[in-house]
There are 2 protein chains.
Amino acid sequence: MTRLSDVARAAGVHPGTASRALNPDTRHRVSAETVKRVLVAAESLGYQPNSVARALRTRRSRMVAILIPDLTNPLFPPIVRGVEEALAVKGYSALLVSTDNDEDKEARLFAELRGRQCDGFVVATARRKHPLLARAAADGVPMVLVNRVLDSRHTPSVTADEAAGVHAVVRHLTGLGHRRIAHLAGPQELSTGLIRRRTFLDSCEQAGLDPRNTPVIDATGFSEAAGTAAMDKLLATYRGPERPTAVFAANDLLALGALDALAAFGLRCPEDMSVAGFNDMPFLTRMTPPLTTVHVPQQEIGAEAARMLLKCIDQPGPPRSLLLGCALVERASTGPVPQG
Amino acid sequence: MTRLSDVARAAGVHPGTASRALNPDTRHRVSAETVKRVLVAAESLGYQPNSVARALRTRRSRMVAILIPDLTNPLFPPIVRGVEEALAVKGYSALLVSTDNDEDKEARLFAELRGRQCDGFVVATARRKHPLLARAAADGVPMVLVNRVLDSRHTPSVTADEAAGVHAVVRHLTGLGHRRIAHLAGPQELSTGLIRRRTFLDSCEQAGLDPRNTPVIDATGFSEAAGTAAMDKLLATYRGPERPTAVFAANDLLALGALDALAAFGLRCPEDMSVAGFNDMPFLTRMTPPLTTVHVPQQEIGAEAARMLLKCIDQPGPPRSLLLGCALVERASTGPVPQG
DNA sequence: GTGAAAGCGCTAACAT
DNA sequence: ATGTTAGCGCTTTCAC
C-alpha cells in the first residue's frame, strides 16, 4: 500500500505538509500550489489513507456499531439500511452485530466493539432493564437506542410514536363496531411490549369499552409461534359470546401466528374475527388475508438514529428522544363486527 | 481506556511481557506465574486491548467487509447473518455496506474499505464483467464471492448449485404434464440470470420439449415490478393455445410480480397457469398461492463464504468454488396442466 | 523468561 | 507556509 510519505516524496514536500494538504479542514494552511501538487501526487499514486493509523492517532475510528437481535427478523434490515446510509454520507462505516438477545454474547461483543474503538453505538437490542447499556451510557459511551428504550429515559433514542399507532388501531376497530377486543401482548421486559399493552388498555377505556371485554394474553416473544400459542389460549379461554371479535397483536409476526391458530380453529379472518398487527413488515399485502397494521418508518428511524449519534459524538449534549409518526394501514384482516 | 502498560505496571512487568502473556500464541514464552499475574491484573482492570493499535502493528484488522446490493431485499439478510456468525467465532467483525448496484458508489466504498485495512471481502454484488472486482482479485485482495460469480472463474466463491435447482424445477413441471413452459429470465449480466436461463433451456430440451414451446422473456431486474412487466409481455405475446401452461421465474420476486400480472389478466394460479420461483425467500408459505420454489441455503452460503475467506487470509491458495445443494420446495403455485 | 527499543502510518503541537 | 518532532497503543526483534 502506498503511504502518505510516498505521496509527500512525490510532491516534494514533508509528510506533515502532505497531511495538511489532504485534509480539507487544514488545507487552508497550505499554499494553493502545494495543495495541488500533493493532490495530484496522491491521485496518481492511488493513495488511500490508512484509517487504522489515523484512528490510532486521532482516537476516532469513524466506525459505528449496530447491535440488533437478529437480522433475519424482517423488522431489522430496513433499520440497518437506514443507519448505514446515513453513516456513509458522513464517511462513517457500520459494524454489524447480531446478539440473539443473548446477554453474554451481547456483553462479549460490546466489549469487543469498544476495543475496536467504535465511536458510537446504534442499539436495537435494549431491554427495559439493561445493566450493560445503562452502565455504558453512564460511562459516556455515545449511544442511540432505536425502537426499544430503557426504563430510565436518560439515553437518546429514536422510536416510532407507538402510542399514536396503537390509538389508531383501537379507533379503527371500535369504528368498525368492535366492543370485545383482545390484545396479544409482546414481552413486557421490552418497552415496545409494555407501551403497546398500556396504550391498548388506555385507548379501549377511553373508547368506553368495558375492561372485562378487553382481555390481554401474554405472548412469550415477538414470533409467529408465540402468536399462535397466544391465540390458542385466547380461543380456549373466551368461548361463545365471550369471544372477542377483534384482536390487536403487538406486532406483525404475532398477528401472522395468530391467523394460523384462527384458521386451525375453523374461524375466518376477518369474517369471524378481525386481526391487526404492528410494524408493517414487508410483503404483508401478499399474505392471506393482507394484514391491517401500523406502518413504522424503520429505515427513517435508522437514519435519524445515525444522524443523532453522529451529533452526540461530535458535541455531546443532553439526551434527545425522537418520536417518528406512524400510520394505520387498513387492509383486509379487519372488518365489521360479525352479525348475530 | 486502560492500556496494556497499565496492566503491565499493575502486574509488575514490562509491557512486552504483558503482551506475550495476554496472547495465547506467545504465552508459552512466559513463566506460568507471570502469566497468572498479568491475567489477574488485566481482569481486575477490565483491560480491553486496543484493536486499532494492534491492527496498525500487525497489519491485520480482523475485520471483513460484506458488500451487498441492498439489505432490504429479503435474499440478503440470511447471508449477512451467516457471514457475521462465522466471523464472530474467529474473533472477526463484519463491516456491512450496501451498494445499490451503483458502480461509482461501489468503487468509492471499496476503496474506503481497503483504506480501513479490511482483511478480506465477502462480495454479493458481482456482475459477470466486473473490472473493479477482477482488478482487486488480481491484486491479491482476499475475496470470496457469494451467489453471483465472475465470468473469469478465478475468484473463490460459494453459491447454490443452481443448475441442480433449475433441473428440479423443470422436472417438476414436466412431471405435472406441462409441455409449454416459459422462463422469466433475470438480468443476463449477472451469473445467476445467465445460469438459470441456460439451464432452463438445456433442461427443457433434455425433457424433449420443443424449443418453440419454451419461450424466454427477459426481465429488467430481479424485482416484483420487472416480474409483472415480463409476465404482461408473455401474456400479450402468447395467446390462445400458444400460451404456456407454466412459468419458471428466475427468482421469487419475479414470480410474485408475475402472479400479479396473472391475476390482473383474469387468470388463476395454478389452475390456469403454474408459476415457480427460485431462492425460497421468507414467508412464501403465507402468500397466495404459496409459491413453489427452490430452497437456497443462504445463511449457510454466508457462513461457508466467511470460513473460506478466513482460510484465504491465513494461507492463500488456489481459488476454490463451493456449490451448496438446493432443493425443490413444492407448494401450491404449481399444479397439473389445465385440461381442454 | 524478561526487558529494551523500534516502528506500524498518521496527525498535531511546536518551531522556523 | 512548511518542516520537525513526538506519540497514539501495540507487537516483536533483539539483547541479556
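Naming: A, B, ... by sequence-line order, numbering from 1 per chain.
Side-chain contact between M63(B) and D119(B) is absent, with no heavy-atom pair separated by less than 4.5 Å. The side-chain heavy atoms of I68(B) and I79(B), taken from C-beta on, include no pair separated by under 4.5 Å. The shortest side-chain heavy-atom distance between P156(B) and C312(B) falls under the 4.5 Å cut-off. The shortest side-chain heavy-atom distance between R116(A) and V52(B) does not fall under the 4.5 Å cut-off. Contact of the R81(A) side chain with the D70(B) side chain is registered, since non-hydrogen atoms from C-beta on lie closer than 4.5 Å. Looking only at side-chain heavy atoms (C-beta outward), R37(A) and V13(A) come within less than 4.5 Å of each other. Within the 4.5 Å cutoff, the side chain of I66(A) has no heavy atoms near those of the L95(A) side chain.
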Requested in this report: For side chain to side chain donor-acceptor pair (under 3.5 Å), just list the numbers for S157(A) and S321(A), CA-CA rounded to whole Å, side-chain angles, deciding distance to a tenth of an Å, and then say yes or no.
Outcome: CA-CA 5 Å; S157(A) 64; S321(A) 289; 3.3 Å; yes
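Rounded to an integer number of Å, the gap from L4(B) CG to dC8(D) P is 13 Å. Following rounding to the nearest Å, R3(B) (CZ) and dC8(D) (P) show an atom-to-atom distance of 7 Å. Atom CG in N23(B) sits about 13 Å away from atom P in dC10(D), given to the nearest Å. To the nearest angstrom, C1' of dG7(D) lies 14 Å from CG of N50(B). Atoms CD (Q117(A)) and C1' (dC10(D)) sit 11 Å apart, rounded to a whole Å. If you measure from atom NE2 of H14(A) to atom P of dT4(D), you get 5 Å, rounded to the nearest angstrom. A straight line from NE2 of H28(A) to P of dT2(D) spans 13 Å, rounded to a whole angstrom. The distance between atom CG of L22(B) and atom P of dG9(D), rounded to the nearest whole Å, is 16 Å.
Residue V13(A) is classed as a sugar-phosphate contact, given heavy-atom separations below 4.0 Å to backbone atoms only. Nucleic acid contact class of T34(A) (heavy atoms, under 4.0 Å, all strands): sugar-phosphate only. Using a 4.0 Å heavy-atom criterion, one finds that R29(A) contacts the bases of the nucleic acid, with or without backbone contacts as well.
The outermost nucleotides of DNA chain C lying under 4.0 Å from heavy atoms of chain B, listed 5' to 3', are dG1(C) to dG9(C).
Note that the two end axes of the helix from dG1(C)-dC16(D) to dT16(C)-dA1(D) enclose an angle of 40°, each drawn from 5 base pairs, rounded to 10 degrees.
Using a 4.0 Å cut-off, no side-chain N or O of S19(B) falls inside it from OP1 or OP2 of dC10(D).
Each of dT2(D), dA6(D), dG9(D) was ranked by its minimum atom distance to the side chain of L56(B); first place goes to dG9(D).
Taking for each of R59(B) and S31(B) the nucleotide of DNA chain C with the nearest heavy atom, the 5'-most of the two is the partner of S31(B). Checking R20(B) against Q48(B), the closest nucleotide of DNA chain D that is more toward the 5' end is the one next to Q48(B).
A salt bridge is defined here as a Lys NZ or Arg NE, NH1 or NH2 lying under 4.0 Å from an Asp or Glu carboxylate O, and D25(A) with R20(A) fails to meet this definition. We find that D139(A) and R135(A) are joined by a salt bridge, their nearest charged nitrogen and carboxylate oxygen being less than 4.0 Å apart.
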